[in-house]
**Student:** 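Let me give you the structure first, and then I'll get to my questions.
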There are 2 protein chains.
Amino acid sequence: MISSDIVVHIKSMPIFKNLPSHNMEQLASIAIDQHFRRGEIVFSEGDKGTGFYVVVSGRVKIFKLSFEGKEQILHFFGPGEPFGEVAIFEGWRFPAHAQCVNDTRIFFFPRDAFVDLLKRHPTLSLNMLAILSMRLRKFTHLVEDLSLKEVPGRLAAYLLYLRERNGGRSFFELDISKSQLASLLGTIPETVSRIFTKMNKQGIIHSDGRHIQILDAERLRCLSEEGERL
Amino acid sequence: MISSDIVVHIKSMPIFKNLPSHNMEQLASIAIDQHFRRGEIVFSEGDKGTGFYVVVSGRVKIFKLSFEGKEQILHFFGPGEPFGEVAIFEGWRFPAHAQCVNDTRIFFFPRDAFVDLLKRHPTLSLNMLAILSMRLRKFTHLVEDLSLKEVPGRLAAYLLYLRERNGGRSFFELDISKSQLASLLGTIPETVSRIFTKMNKQGIIHSDGRHIQILDAERLRCLSEEGERL
DNA sequence: CAGGATCCTTGACATAGATCAATGAGTTTC
DNA sequence: GAAACTCATTGATCTATGTCAAGGATCCTG
C-alpha cells in the first residue's frame, strides 16, 4: 500500500488520537506529503488557506514581521504538531508567516475533506478544540510577557520552561539560536546577550554557547514572577 | 414555562447558530442565569473552570495583572459573546481574570452537559472552532501590536477599528474610558493622553472627551501600518 | 584549510515611554 | 449642593531597551 508510511505517522499524531483506524487511513489518503529545505516558506501572511498542516519531522516557525523587518516569533512547531488551522475555520487567510527552520517534512490536509471528517467525528473536534485552547493559553502568556514583564523576566521564564521541558534537569541546551530567542522574547540579540552576561556574572546561571546551567532557580522565578531587577 | 426568556436569548447567540430548536431548550435547561454589578469579578486567574459563560447584557473585560498591579486587557465581551471556554477544553484553570465593566447579566453553562452536546452536534463544535480561531487571530494582532508597533501606531489602529465598527463613519464615541484604553493598548493613561494631544495638534483627529472625529484617516493608516512617527 | 557567512558580544549613544507629581474637570453619593 | 471619587491632562525626570558600530567567535562549504 502506497501510503502505509503516511498512516504510521498519522496514527502517532496527538491531533488524531482516539480516531477509529479506518479514518486514519482515510486521512492518509487525503494527506499531501511535502518536503521543505531549511529556510523555505510554507505560507505567508495573507495567503489563502486551503487546508492545514502537521509537522512530520523538522521544525517550523510562525512569525510576524514589522514594516522595518523586525521579527516576532509566535510559535515553534515540531513533529506531531499541527499549524495553520485558524484559516480553515475562520477568515480564510493566514494571519502570519510560516517558515522551516530545518529541512522539514509536512503533511498537508485539504480543508473540505477534513471538515467532513470533523462533522462525523466529535472526537476529532474535541481534539481540535483542545489544541486551539492550548494555543490561546500560550498566547495569553505571550501577551502577558510582552506587556507586563521586562526582558530579563521573559528570559528567566523561558529558561525555567526549558528546564521543565528537560525533565527538571538544570543542565540543558538552548534549542534555538540566541537571535531567534530574541525574536521569540520580543527583543533584539544585543539585549539578550547583555542579560546572559549579567546572569552569568551574578551566578544565576552558567552558560557557554548554547549550554545552560541553572544555578539559582529561585532567583529566576523572582525575576519572572515578581518583577525583580537584575 | 420558566425558561422561555432564557430560550429567547439562547436562540439569538451566534455560538448556538444552526442548532436544532430542541437543543436550544436543552441548553436553556442547563443554563444558569447570573447577575453581576459593575466591578464584580466573574472569575479570577487560576480558578477552576467548571463551565463557560455567555454575556446576555452588559460588558465583561478579560485581563491580566502584573506584580505591580499594571493591567493588560485581553478582550472586552458584550451581548452574545462567550468567554471562559478555554478552561473547559484544556487545562481546567482560567488563564486570566474576568470582571464586569457594567451591571451585567450572564448565562453560565456547566461543562459536562455542554460537552455532551458538542459530541452530538458537529455544528456546535464547528461554531466553537470558528470562535476560538477568531480569538487566536485577534491575539495574533495583539501580539503584533505590542511587539512590533509603537504606542501611537496601536492607538491609530484602534481608532480605525472603531471607525469601521461604526459603519465607516468618521465621527464616533470612544466606547471605553481612556485609562481602560491604555490598558488595552499596553500602556498607561498619561501616554495615551499625550498622543491624543499630539494627534489633535497635527490635525489628524479632533477629539473632545469621548467624542472622536477622524480628519486624516490616511495618516492614521501610515502610523499604524508603516511605522510612521507622530 | 581558506574564505564567507552568520552569529555573538560589547561599547557608546539615543529615545520612547514609564514614573512621579500636581492640577483640573467631570460624576457619583449622601 | 458639597464632598469624595475617579478620570484626564501636562510637565519634569528617569530608565530600559533599542540603535549603530566594531571585533571576535563559530560554523559551513568548496
Side-chain angles (χ1 to χ4, degrees), chain A residues 37-39 66-73 99 101-103 145-156 173-201 205-212 223-224 227-230, chain B residues 37-39 61 66-73 99 101-103 145-156 173-201 205-212 223 227-230:
Chain A
R37 294 287 179 80
R38 162 180 224 270
S66 76
F67 10 89
E68 311 105 334
K70 190 184 164 194
E71 175 187 88
Q72 172 68 48
I73 294 173
Q99 181 181 26
V101 180
N102 310 311
D103 292 358
D145 281 4
L146 290 173
S147 170
L148 303 175
K149 287 181 186 163
E150 313 199 320
V151 184
R154 296 177 215 165
L155 179 53
E173 278 202 28
L174 264 192
D175 54 345
I176 50 177
S177 75
K178 286 185 182 166
S179 54
Q180 289 292 279
L181 179 54
S183 288
L184 190 63
L185 300 179
T187 184
I188 55 174
E190 291 94 321
T191 300
V192 169
S193 196
R194 286 183 238 270
I195 295 173
F196 264 110
T197 305
K198 270 197 182 175
M199 286 183 169
N200 272 296
K201 280 192 183 142
I205 61 173
H206 177 73
S207 76
D208 177 32
R210 291 195 177 186
H211 295 274
I212 311 280
L223 280 167
S224 152
E228 202 181 277
R229 296 287 163 82
L230 257 186
Chain B
R37 294 287 180 80
R38 164 179 221 274
K61 76 174 177 199
S66 76
F67 11 89
E68 310 105 336
K70 189 185 166 192
E71 175 186 88
Q72 171 68 49
I73 295 173
Q99 183 181 25
V101 180
N102 309 312
D103 292 358
D145 281 4
L146 291 173
S147 170
L148 303 176
K149 288 181 186 161
E150 312 201 319
V151 184
R154 296 176 216 166
L155 179 52
E173 278 202 27
L174 261 191
D175 55 345
I176 50 178
S177 75
K178 287 186 181 165
S179 55
Q180 289 291 280
L181 179 54
S183 288
L184 191 63
L185 301 179
T187 184
I188 56 173
E190 290 94 322
T191 299
V192 169
S193 197
R194 286 183 237 270
I195 295 173
F196 264 110
T197 304
K198 271 197 183 176
M199 286 182 168
N200 273 295
K201 279 191 183 146
I205 60 172
H206 177 73
S207 75
D208 177 31
R210 291 196 176 187
H211 296 275
I212 311 281
L223 281 167
E228 203 182 275
R229 296 286 164 81
L230 258 185

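Worth knowing before you read on, the calculation uses all heavy atoms, side chains too, and leaves out hydrogens, waters and symmetry mates. These figures come from a predicted structure and were not determined experimentally. A, B, ... follow the sequence lines: proteins, then strands. Residue 1 opens every chain.
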**Student:** Under 4.0 Å from a heavy atom of chain B: give me the 5'-most and 3'-most nucleotides of DNA chain D that qualify.
**Tutor:**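 Answer, 5' to 3': D:dA8 to D:dA12.
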**Student:** Nearest-Å distance, NZ (A:Lys198) to C1' (C:dC8)?
**Tutor:**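 Result: 18 Å.
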**Student:** Donor-acceptor pair, distance only, cut-off 3.5 Å: does the side chain of B:Gln99 make one with the backbone of B:Lys61?
**Tutor:**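 No, the answer is negative, given that no donor and acceptor are paired below the 3.5 Å cut-off.
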**Student:** CZ of A:Arg210 versus P of C:dT9: gap in Å, rounded?
**Tutor:**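 My rounded result for the distance is 11 Å.
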**Student:** Can you sort out the partners of B:Ser207 under side-chain hydrogen bond (donor to acceptor under 3.5 Å, both in side chains), two or more places apart, ordered by chain and number?
**Tutor:**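 If we apply the side-chain hydrogen bond (donor to acceptor under 3.5 Å, both in side chains) test to B:Ser207, skipping adjacent residues, the hits are B:Asn200.
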**Student:** When you compare the side chain of B:Arg154 with that of B:Leu146, does any pair of heavy atoms fall below 4.5 Å?
**Tutor:**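 Heavy-atom side-chain distance check passes, below 4.5 Å.
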**Student:** Measure the distance from CD on B:Gln72 to C1' on C:dG17 and round it to the nearest whole Å.
**Tutor:**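 Atom CD in B:Gln72 sits about 15 Å away from atom C1' in C:dG17.
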**Student:** Could you pull out the closest heavy-atom pair between B:Pro152 and B:Met199, with the gap in Å?
**Tutor:**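 Scanning both residues, the minimum pair turns out to be O-CE, 4.0 Å.
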**Student:** Using the salt bridge (charged side-chain N to carboxylate O under 4.0 Å, His left out) criterion, which residues pair with B:Glu173? Sequence neighbours excluded.
**Tutor:**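 Result, salt bridge (charged side-chain N to carboxylate O under 4.0 Å, His left out) vs B:Glu173: none returned.
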**Student:** Using the test side-chain hydrogen bond (donor to acceptor under 3.5 Å, both in side chains), find all partners of B:Lys149 that sit at least two apart in sequence or belong to another chain.
**Tutor:**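 Counting only residues at least two positions away or on another chain, B:Lys149 forms a side-chain hydrogen bond (donor to acceptor under 3.5 Å, both in side chains) with B:Asp145.
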**Student:** Under the side-chain hydrogen bond (donor to acceptor under 3.5 Å, both in side chains) rule, collect the residues that match up with A:Ser224, sequence neighbours excluded.
**Tutor:**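 Checked A:Ser224 against side-chain hydrogen bond (donor to acceptor under 3.5 Å, both in side chains); zero matches.
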**Student:** Tell me, please, which residues at least two apart from B:Thr187 pass side chain to side chain contact (heavy atoms under 4.5 Å, CB included).
**Tutor:**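 Scan of B:Thr187 (side chain to side chain contact (heavy atoms under 4.5 Å, CB included), adjacent residues dropped) gives B:Val151, B:Ala182, B:Leu185, B:Thr191, B:Val192.
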**Student:** Quick one: does A:Phe196's side chain get under 4.5 Å of A:Ile205's, heavy atoms only?
**Tutor:**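 Touching, per the 4.5 Å side-chain cut-off.
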**Student:** Can you name the residues that form a salt bridge (charged side-chain N to carboxylate O under 4.0 Å, His left out) with B:Arg229, not counting sequence neighbours?
**Tutor:**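 Checked B:Arg229 against salt bridge (charged side-chain N to carboxylate O under 4.0 Å, His left out); matches are B:Glu150.
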**Student:** Quick one: list whatever passes side chain to side chain contact (heavy atoms under 4.5 Å, CB included) with A:Asp175, sequence neighbours left out.
**Tutor:**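 Partners of A:Asp175 under the side chain to side chain contact (heavy atoms under 4.5 Å, CB included) test: A:Arg59, A:Tyr158, A:Leu162, A:Arg165.
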**Student:** Within residues 175-191 of chain A, find the residues that approach DNA chain D with a heavy atom at under 4.0 Å, and present them sorted by residue number.
**Tutor:**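 Those residues are A:Gly186, A:Thr187, A:Ile188, A:Glu190, A:Thr191.
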**Student:** Taking only residues two or more places apart in sequence or in another chain, which ones pass side-chain hydrogen bond (donor to acceptor under 3.5 Å, both in side chains) with A:Glu228?
**Tutor:**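 Scan of A:Glu228 (side-chain hydrogen bond (donor to acceptor under 3.5 Å, both in side chains), adjacent residues dropped) gives A:Arg219.
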**Student:** CE of A:Met199 versus C1' of C:dC8: gap in Å, rounded?
**Tutor:**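 Atom-to-atom, A:Met199 to C:dC8, this comes out as 17 Å.
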**Student:** Identify whether any heavy atom of A:Val192 sits under 4.0 Å from a base atom; if not, whether one sits that close to sugar-phosphate; answer base, sugar-phosphate or nothing.
**Tutor:**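 Nothing, no heavy atom under 4.0 Å.
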**Student:** Show the distances under 3.5 angstrom between N or O atoms of the protein and N or O atoms of nucleotides 25-30 of chain C.
**Tutor:**
none

**Student:** Tell me: CG of A:Leu174 to P of C:dT9, nearest whole Å?
**Tutor:**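 In whole Å, C:dT9 P lies 10 Å from A:Leu174 CG.
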**Student:** Please report the distance, rounded to the nearest Å, between NZ in B:Lys149 and C1' in C:dG17.
**Tutor:**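 Answer to the nearest Å: 18 Å.
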**Student:** With a 4.5 Å limit on heavy-atom distance, are the side chains of B:Lys70 and B:Ser183 in contact?
**Tutor:**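 B:Lys70 does not reach B:Ser183 side chain to side chain.
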**Student:** Considering just the side-chain nitrogens and oxygens of B:Arg229, establish if one lies under 4.0 Å of OP1 or OP2 belonging to C:dA16.
**Tutor:**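 So the side chain of B:Arg229 is within the cut-off, an N or O lying under 4.0 Å from OP1 or OP2 of C:dA16.
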**Student:** What's the angle between the local helix axes at either end of the helix from C:dT9-D:dA22 to C:dC30-D:dG1, using five pairs per end and rounding to 10 degrees?
**Tutor:**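 That helix gives 50° between its end axes.
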**Student:** Counting neighbours of CZ on B:Arg38 that are heavy atoms of other residues, nucleotides or ligands and sit closer than 6.0 Å, is the number greater than 12?
**Tutor:**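 Incorrect, the count does not exceed 12.
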**Student:** Name the residue closer to the 5' end of DNA chain C, choosing between A:Ser193 and B:Lys70 according to the nucleotide with the nearest heavy atom.
**Tutor:**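 Between the two, 5'-proximity favours A:Ser193.
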